[in-house]
Amino acid sequence: DIHRSPAEVFVEDAIGPLTIFRPPMPNVSYVLGVDVAEGKDAHAGKKKDTTNLDYSVIQVLSNTEPVEQVAEFRSRKYSPEELAYICKHVGMFYNKAWCAVERNNHGLTTINTLRSVYPYVFKMPGDIYREGKLNVMATQTITKYGWVTSPTTRPIMLDELRKRFS
């Protein structure tokens, strides 16, 4: 049952959706980058069936110099809510990794579920990418979880990753 909180132990399965390239190391921090599937047909124009749907993906990166991809989860099987529980389990396994979910489309559903079961959900600082908005009525900054990939933010994100991997 995906909603349970078992010890974060994974069973080896050659065709499973989680590939672990390197297990977690003590005293190393990690981050999960999460792209939630939209349920779109990956082969636009063809008849839609479940074999053509896009994938939900979790990339697990070490917060080291250089950055290293240590695991990847890739599946079409799970709903956005179920993906939140998978993020929780993978995050706990990787030393309570911070989880950064792309909030475009179904990502908001994953973020909302994840926030109720896992405390390490990335919050976008209000001044980054000009996404923070001032709530004039309450005179407080609105916190936004996850990030939006847009034509403006995509090059910034990729440049930052490129710097970390070079």
Side-chain angles (χ1 to χ4, degrees), residues 17-19 21 29-92 94 96-166:
L18 177 66
T19 303
F21 304 115
S29 62
Y30 298 90
V31 64
L32 278 58
V34 183
D35 184 5
V36 182
E38 296 180 41
K40 287 185 178 176
D41 190 332
H43 299 91
K46 294 184 179 179
K47 183 178 177 186
K48 185 175 182 176
D49 67 50
T50 56
T51 59
N52 288 336
L53 296 180
D54 59 343
Y55 288 89
S56 286
V57 177
I58 302 170
Q59 295 292 336
V60 185
L61 304 174
S62 65
N63 191 17
T64 57
E65 290 293 335
V67 171
E68 180 181 11
Q69 180 189 19
V70 296
E72 177 182 74
F73 173 90
R74 182 175 182 260
S75 179
R76 296 176 170 133
K77 178 180 175 182
Y78 300 98
S79 71
E81 295 89 354
E82 291 171 322
L83 187 63
Y85 286 91
I86 294 166
C87 289
K88 171 194 167 194
H89 295 305
V90 173
M92 290 300 292
Y94 277 96
K96 299 179 181 174
W98 282 96
C99 188
V101 180
E102 182 182 31
R103 71 174 181 259
N104 301 25
N105 303 305
H106 300 293
L108 284 173
T109 302
T110 301
I111 289 168
N112 288 333
T113 304
L114 186 60
R115 286 182 57 212
S116 70
V117 298
Y118 188 69
Y120 307 103
V121 182
F122 175 77
K123 295 177 218 168
M124 180 64 76
D127 59 341
I128 293 186
Y129 309 138
R130 297 181 189 188
E131 288 196 315
K133 303 269 190 274
L134 184 64
N135 181 339
V136 179
M137 297 296 284
T139 64
Q140 61 184 340
T141 300
I142 298 169
T143 300
K144 293 193 176 189
Y145 288 85
W147 86 92
V148 172
T149 302
S150 70
T152 302
T153 62
R154 189 177 189 325
I156 295 168
M157 175 185 66
L158 293 175
D159 286 346
E160 286 301 315
L161 279 172
R162 208 172 288 113
K163 285 182 208 171
R164 293 293 310 267
F165 277 102
S166 9

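Atoms considered below: every heavy atom in the structure, side chains included; atoms not considered: hydrogens, waters and symmetry mates.
Glu82 and Lys77 get closest at one heavy-atom pair: OE1-O, 4.2 Å. Listed here is the closest heavy atom pair of Cys87 and Leu114: CB-CD1, 4.0 Å. Across every non-hydrogen atom of Tyr118 and Met92, the tightest pair is CE1-SD, 3.6 Å. Smallest separation of non-hydrogen atoms from His106 and Ala37: CD2-O, 3.5 Å. The shortest non-hydrogen separation linking Gly107 to Val36 is CA-CG2, 3.8 Å. Annotation for Lys88 and Val117: closest pair CD-O, 3.7 Å, computed over non-hydrogen atoms.
Taken to the nearest 0.5 Å, the OH atom of Tyr78 stands 14.0 Å off from the OG1 atom of Thr110. Note that the CG atom of Asp35 and the CZ atom of Arg74 stand 11.5 Å from one another [nearest 0.5 Å]. The distance from the CG atom of Leu108 to the OH atom of Tyr145 is 13.0 Å, given to the nearest 0.5 Å.
In this structure, Val34 and Val57 have side chains that are not in contact, with every pair of non-hydrogen atoms separated by 4.5 Å or more. Here the side chains of Thr109 and Glu81 are in contact, with some heavy-atom distance below 4.5 Å.
Not one N or O on the side chain of Asn63 forms a donor-acceptor pair closer than 3.5 Å with the backbone of Tyr30. Arg103 places a side-chain N or O within 3.5 Å of a backbone atom of Gly146 that can act as its donor or acceptor partner.
With 3.5 Å as the limit, one finds no donor-acceptor pair spanning the side chains of Glu68 and Ser62.
A ring-centre distance under 6.0 Å is found for Trp98 and Tyr120.
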**Report entry** Check against side-chain contact (heavy atoms from CB on, under 4.5 Å), Leu32 and Val90
**Finding:** CA-CA 8 Å; Leu32 278 58; Val90 173; 4.1 Å; yes

